[in-house]
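In what follows, chains carry the letters A, B, and so on, assigned in the order in which the sequence lines appear, proteins first and then strands, with residues in each chain numbered from 1.
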Protein chains: 2
Amino acid sequence: MDITFLKSYLHKKGYRITNQRMAVLNAIIQAENKHLNASEIHALVKKQYPGFGLATVYKNLRVLEQEGLVNKLDLSDNTRHYEINLSEPHCHLLCLKCGHIEELGDAFYKSLYDLLWHESRFTIEKRSLVFYGYCSTCRLQL
Amino acid sequence: MDITFLKSYLHKKGYRITNQRMAVLNAIIQAENKHLNASEIHALVKKQYPGFGLATVYKNLRVLEQEGLVNKLDLSDNTRHYEINLSEPHCHLLCLKCGHIEELGDAFYKSLYDLLWHESRFTIEKRSLVFYGYCSTCRLQL
DNA sequence: TTATTTGCAAAGGCTTTGCAGCAAA
DNA sequence: TTTGCTGCAAAGCCTTTGCAAATAA
C-alpha cells in the first residue's frame, strides 16, 4: 500500500510526520484485515520503538480516524478496532466459531444502498455493519 | 406488551421475579424504540425505587440479554444501549442531525439476507447494523 | 525557533465484582 | 429454609487528559 500519499495528505493538513505516527499507520496497513485494537497496535509498534506509549496510540488513532485514513469498528467486545480506510465501504461477517472476519464490498453495497433508499429516504454517511454467524467452513462442523 | 409471558419464561429458567428486575424490563419495554443505556434505565427505575443501584441494572441487563429478552446495541457513543427483543431482527438508521433513530425490519431484512447468502455462504445468527446519515426531514435542511 | 507530538502518570467513564443483608420461592 | 438478588463500595478496563521534555518543520 502506498503510504507516500497518506503522508503528504497528513502533511498538507498540518500534521507532523513522526516515526510513531507512521508506525501506527503502518501497523494498521500491514495487519490488513485483522482489525487490530489499540493495545494490539501498541504491542506491535513497541517492538520497533521500545519507549512507545499507549496514549500515543490513542492520540494518533484519533487523528487518523478524523482524517478518514482509518475506520473505527465496534465488534462488540468492548474495545474499538481499527482498519485502513480503503474508501470503498464494506461490512464484516464475523464467524462465531473460528473468529475469521470476512469482508463484503462493492457489489453487496450497491444492492444494499438501493434497498435502503427504497425502504426509507435516508442518506447514508457512515455505517457500522457487523454480522455474526458461521462461515461456510465452520457451518459444516456444527 | 405482554410481560406475563416474559415473567414465566424467566421463572422457568430459574431466575427470580424481583421488583427491580421487572422494573428494568418494563423500562426497556416502555421506552420502546428509545434505546436506553444503563444509566438512563437506572434513572427511570430509581424514580419508582429510590434505593435502586446501578450495579443491579447491569446485573439484570446481562440476564435479560443472555436470555434473549433484550438486545444490546453499539451506537458508537461508548455506552451500550438496550432494546426489547421483538424477535424480528431489524437495523437502525441514526440521524446525525436530529438524533432520531429509525428502524427497518421485515421486508428489508428478507431482501438483505437473500443478498448476503448470494454474496457469501454465511449463516447469520446475530447482527449489529447501524447506518449513520440524515433522515428525510433533516436532509432538506443541510 | 516554535508549535506539535511524545510519554508518563493521573484522571475519567462505563462496567463488573465482592460481600453482607434481604427477599423470592 | 434455601438460594438467588440487591445495594453499596471497591476494583477493573479501556480511553482521555495534563504537562514537561523531545522533535519535526
Side-chain angles (χ1 to χ4, degrees), chain A residues 3-4 6-27 35-67 69-70 72-82, chain B residues 3-4 6-27 35-67 69-70 72-82:
Chain A
I3 201 170
T4 317
L6 302 176
K7 260 177 160 169
S8 70
Y9 182 78
L10 284 172
H11 186 252
K12 259 181 233 148
K13 288 274 195 164
Y15 295 103
R16 297 198 171 163
I17 308 303
T18 65
N19 293 331
Q20 291 90 331
R21 180 161 289 158
M22 289 306 107
V24 168
L25 187 52
N26 259 316
H35 311 87
L36 306 177
N37 63 28
S39 79
E40 291 167 334
I41 293 169
H42 182 226
L44 274 176
V45 177
K46 208 166 180 177
K47 287 183 193 165
Q48 199 179 346
Y49 299 97
F52 185 59
L54 182 55
T56 303
V57 178
Y58 281 105
K59 285 168 185 165
N60 278 304
L61 287 174
R62 186 195 280 179
V63 168
L64 296 175
E65 202 213 348
Q66 274 177 351
E67 295 308 321
L69 272 53
V70 306
K72 183 155 67 169
L73 308 173
D74 275 323
L75 300 179
S76 299
D77 68 343
N78 295 354
T79 71
R80 255 50 61 192
H81 295 252
Y82 296 84
Chain B
I3 201 170
T4 317
L6 302 176
K7 259 178 161 170
S8 69
Y9 181 80
L10 285 172
H11 186 251
K12 262 182 231 147
K13 287 275 196 165
Y15 294 103
R16 295 196 173 165
I17 309 305
T18 65
N19 291 332
Q20 289 90 333
R21 179 161 290 158
M22 290 306 106
V24 168
L25 187 51
N26 259 317
H35 310 88
L36 306 177
N37 63 28
S39 80
E40 290 167 335
I41 294 168
H42 182 226
L44 275 176
V45 177
K46 207 166 181 177
K47 288 183 192 163
Q48 197 179 349
Y49 300 97
F52 185 59
L54 182 55
T56 303
V57 179
Y58 281 105
K59 286 168 185 165
N60 279 304
L61 287 174
R62 186 196 280 180
V63 168
L64 297 173
E65 201 212 348
Q66 274 177 352
E67 295 308 321
L69 272 54
V70 305
K72 182 156 66 169
L73 308 174
D74 274 324
L75 300 179
S76 300
D77 69 342
N78 294 354
T79 71
R80 254 50 62 191
H81 295 252
Y82 296 84

Under 3.5 Å between N/O atoms: give me all the protein pairs with nucleotides 22-25 of chain D, atom names plus distance.
| from | atom 1 | to | atom 2 | distance (Å) |
| --- | --- | --- | --- | --- |
| D:dA24 | N3 | A:Arg16 | NH1 | 2.8 |
| D:dA25 | OP1 | A:Ile17 | N | 3.1 |

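Comparing D:dT6, C:dT6, D:dT15 by their nearest atom to the side chain of A:Arg21 picks out C:dT6. Closest to the B:Lys59 side chain, of the nucleotides C:dC19, C:dT6, D:dC14, is C:dC19.
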The test is side-chain contact (heavy atoms from CB on, under 4.5 Å); show your working for B:Asp74 and B:Arg80 and say whether it passes. CA-CA 6 Å; B:Asp74 274 324; B:Arg80 254 50 62 191; 3.1 Å; yes

Show, in sequence, the C-alpha distance, side-chain angles and deciding distance for A:Asn60 and A:Thr56, and conclude whether the side-chain contact (heavy atoms from CB on, under 4.5 Å) test is met. CA-CA 6 Å; A:Asn60 278 304; A:Thr56 303; 3.4 Å; yes

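Considering only side-chain N and O atoms, A:Arg80 lies nowhere under 4.0 angstrom from the phosphate OP1 or OP2 of D:dC14. Checking the phosphate oxygens (OP1, OP2) of C:dG12, no side-chain nitrogen or oxygen of B:Asn78 falls inside 4.0 Å.
Interface residues of residues 48-56 of chain A facing DNA chain D, ordered by number: A:Leu54, A:Ala55; criterion, heavy-atom separation under 4.0 Å.
The shortest distance between side-chain heavy atoms of A:Phe52 and A:Lys47 does not fall below 4.5 Å. B:Leu61 places a side-chain heavy atom less than 4.5 Å from the side chain of B:Tyr82. With contacts defined as side-chain heavy-atom distances shorter than 4.5 Å, the pair A:Asn37/A:Ile41 does not qualify. A:Glu67 places a side-chain heavy atom less than 4.5 Å from the side chain of A:Leu10. The side-chain heavy atoms of A:Lys13 and A:Tyr9, taken from C-beta on, include a pair separated by under 4.5 Å.
For the residue pair A:Ala38 and A:Val57, the shortest heavy atom distance occurs at O-CG1, 3.7 Å. Listed here is the closest heavy atom pair of B:Leu36 and B:Ala27: CD1-O, 3.9 Å.
Taking atom CE of A:Met22 as the reference point, atom P of C:dT5 lies 10 Å away to the nearest angstrom. Atom CD in A:Gln66 sits roughly 11 Å away from atom P in D:dT16 (whole-Å rounding). Distance CD (B:Glu65) to P (C:dT15): 12 Å, rounded to an integer number of Å. Protein atom CG of A:Leu61 is 15 Å distant from nucleotide atom C1' of C:dT5, rounded to whole Å. The CD-C1' distance, from B:Glu67 to D:dC5, rounds to 16 Å in whole Å. Rounded to whole Å, the distance from NZ on B:Lys12 to C1' on D:dG4 is 20 Å. What separates OH of A:Tyr58 from P of C:dC8 is a distance of 16 Å, to the nearest Å. Between the CG atom of A:Asn60 and the P atom of D:dT16 there is a distance of 12 Å, given to the nearest Å.
If you find the closest nucleotide of DNA chain C to B:Arg62 and to A:Gly14, the one lying nearer the 5' end belongs to A:Gly14.
With hydrogens and angles ignored, no donor-acceptor pair closer than 3.5 Å exists between the side chain of A:Lys46 and the base of C:dG7. Looking at B:Lys13, its side chain has no donor and acceptor atom pair within 3.5 Å of the base of D:dG4.
Among the atoms of the strands shown, none is found under 4.0 Å from any heavy atom of B:Asn37.
A:His35 places no side-chain N or O within donor-acceptor distance of the main-chain N or O of A:His81, the cut-off being under 3.5 Å.
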